[in-house]
Amino acid sequence: MIKKKSPDILKADKRIQKIPGGVKVLSYAKLNLYLEILDKRPDGYHNLETIFERVTLKDEIVIKRVPGNSIRIETDSTDTPKGPGNLAYQAAKLLKKDFAISAGVVIKIKKRIPVGAGLGGGSSNAASTLLGLNHLWDLGLKVEALKEYAARLGSDVAFFVYNYPLARGSARGERIEPWSGFKKKLWHVIVIPRLNVSTACIYRDLDKARKVAGNKRTFGLLRIKNAPVKGSSSLRIKDILFNRLEEVTFKRYPQVERLKRDLKAQGLKNALMSGSGSAVFGMVEGRKGGLKIAKILRRSKNLKVFVAATAV
Ligand code: C5P
C-alpha cells in the first residue's frame, strides 16, 4: 500500500478529535431513507440503491496506544463482541497488518446505537476505527484509500468513512456520492424492539420470495427509475421513503410491522423501517414534537426510543 500525505478532507472532519495518548471519534448511526434491492451478484451480495442519512444517535470511540502488540476492545455494551467478531477489531487488524504496525491499541466503545437494528452501528464503529487509527498511526491515508478498507469490512462501512450527512449508495452499498435532496435537517423518532435481525437472513428470505414470484417486475424494478439520484428542491420526504426489505422482515417479524403501525397511530404518517430492521423511524417536525411522541412510546417497556436529527 502506497502511503499518501494527510488529506485536508480528513483534517477538517469534526468527528475526529485528538486527546492525550490517543484519539476520540464520534461514531454516528444511519437511517436508510430509500432502499431498493436490485439483482443478486456473482459474489452473493446484491446490488442496491439507497439514500443514507447520518443521524445524531451515536457511539463514541476512544483509541489509545497501550504497551504490547495486541488489539483490545473495551465496551460498556453486553451485546457487542470484544474479540475478532467486532468490526472495529477487524478494522484495526486490517490496518495493523497492511502497514506492519507493531504497537498495541485499546479501542473503547461507548455504545448507544442498538445492535442488529439496521442502524449501522457496527459498520460505523469500524469506519471510526479506520479514521482514528489513520490519525493515531499517522498513516496519511486519503478518504478514497480508507474507503477501500471499509468495503472489505462490510457493505455499509464506506458511508461512514465519508463525512456526508446525506449520501446516495449504490453497488453493494459501498459506492458513495454526496446527496443534497434535503437542505434542512430532518428529525426522527426511532424505535427499536428488543430483537436482533440478521441481515444475511433477510436477504435470503428476499431471494426465496423472488424465486417463488419468478418475476422480478413484481419487486418494483420500476421504482428504480424514480430513484432520487440527484434530489431536487421540490422533493418531499414522502416521495422517497421506501424500503424493499420491509415486506420480508415484516413477514418474519410481525412485531416490526406492528411497530410501524404504532408510529402511524401516533400521527407519524411518514414512517419506515431502516436497513433490514428491526429499527423503524417516523418523521417529526422538530425536537420538541419528537420528544412528546417518544415519551408516549417509552411507556412500552420492550422498546428503545430515540429522537434524532440529521448529523450535519
Ligand atoms: O456487508 P455486510 O456484512 O453488512 O452484509 C451482511 C449480509 O447482508 C451479507 O452477508 C449478505 O448476505 C447481505 N447483503 C447482500 N447485499 C448487500 C449487502 C448485504 O446480500 N448489498
Side-chain angles (χ1 to χ4, degrees), residues 27-54 59 79-81 83-94 109 113-130 146-162 167-177 179 192 195-213 216 219-221 223-224 227 229 242-253 256 273-279:
S27 194
Y28 292 103
K30 60 89 176 162
L31 296 174
N32 298 91
L33 299 178
Y34 177 90
L35 178 60
E36 176 61 291
I37 313 298
L38 304 172
D39 53 310
K40 193 167 180 184
R41 307 156 28 131
D43 62 8
Y45 285 86
H46 295 72
N47 285 312
L48 55 80
E49 290 280 346
T50 191
I51 299 293
F52 287 112
E53 180 196 1
R54 182 172 82 184
D59 296 338
D79 302 332
T80 307
N86 191 307
L87 273 184
Y89 180 100
Q90 291 170 30
K93 197 173 159 197
L94 210 54
I109 308 175
I113 309 170
V115 173
L119 298 172
S123 302
S124 180
N125 295 170
S128 300
T129 302
L130 293 175
L146 287 175
K147 181 228 141 177
E148 297 299 322
Y149 285 104
R152 285 160 65 183
L153 293 161
S155 309
D156 286 342
V157 183
F159 167 64
F160 294 108
V161 160
Y162 289 94
R168 177 173 175 249
S170 58
R172 251 174 71 207
E174 88 289 6
R175 191 180 297 155
I176 300 294
E177 299 158 56
W179 188 71
I192 302 109
L195 174 73
N196 270 7
V197 172
S198 150
T199 303
C201 176
I202 296 303
Y203 274 97
R204 272 198 302 274
D205 283 1
L206 178 75
D207 289 341
K208 272 187 233 152
R210 283 183 165 175
K211 224 177 215 163
V212 171
K216 280 190 175 166
F219 287 88
L221 284 185
R223 184 101 198 176
I224 202 64
V229 176
F242 174 76
N243 184 341
R244 178 61 63 196
L245 297 177
E246 273 191 339
E247 203 176 319
V248 271
T249 302
F250 289 176
K251 201 160 186 191
R252 190 174 271 274
Y253 303 106
V256 181
M273 185 179 84
S274 183
S276 55
S278 56

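Numbering of ligands and ligand atoms starts at 1, following listing order. Start at 1 with the first residue, then count along the sequence.
- Of all non-hydrogen atoms in Lys147 and Ala158, the two that sit nearest each other are CG-CB, 4.0 Å.
- Annotation: atom 13 (C) of ligand 1 to nearest protein heavy atom, Tyr203 CD1, 3.3 Å.
- When all heavy atoms are compared, the tightest approach of Leu153 to Ala126 is CD1-CB, 4.3 Å.
- Given atom 3 (O) of ligand 1, the protein heavy atom at minimum distance is Gly154 CA, 4.3 Å.
- The shortest heavy-atom distance from Asp156 to ligand 1 is not under 4.0 Å.
- Checking side-chain atoms of Ser278 against main-chain N and O of Leu195 turns up a donor-acceptor pair under 3.5 Å.
- Between Asp207 and Lys40 there is a salt bridge, since at least one side-chain N of the basic residue sits less than 4.0 Å from a carboxylate O of the acidic one.
- With a 4.5 Å cut-off on side-chain heavy atoms, Ile202 and Val197 count as touching.
- Within ligand 1, counting atoms from 1 as listed, the ones closer than 4.0 Å to a heavy atom of Leu48 are 21 (N).
- More than 12 heavy atoms of other residues, nucleotides or ligands lie within 6.0 Å of CZ in Arg172, so this atom counts as buried by the packing criterion.
- Of the candidates Cys201, Ala200, Ser198, it is Ala200 that places a heavy atom closest to atom 12 (O) of ligand 1.
- Asn243 places a side-chain N or O within donor-acceptor distance of the main-chain N or O of Gly275, the cut-off being under 3.5 Å.
- Looking at His46 next to ligand 1, an N or O pair under 3.5 Å apart turns up.
- Regarding atom 8 (O) of ligand 1, its nearest protein heavy-atom neighbour is Thr199 CG2, 3.3 Å.
- Heavy atoms from both the backbone and the side chain of Tyr45 come within less than 4.0 Å of ligand 1.
- Closest protein heavy atom to atom 1 (O) of ligand 1: Ser155 OG, 2.6 Å.
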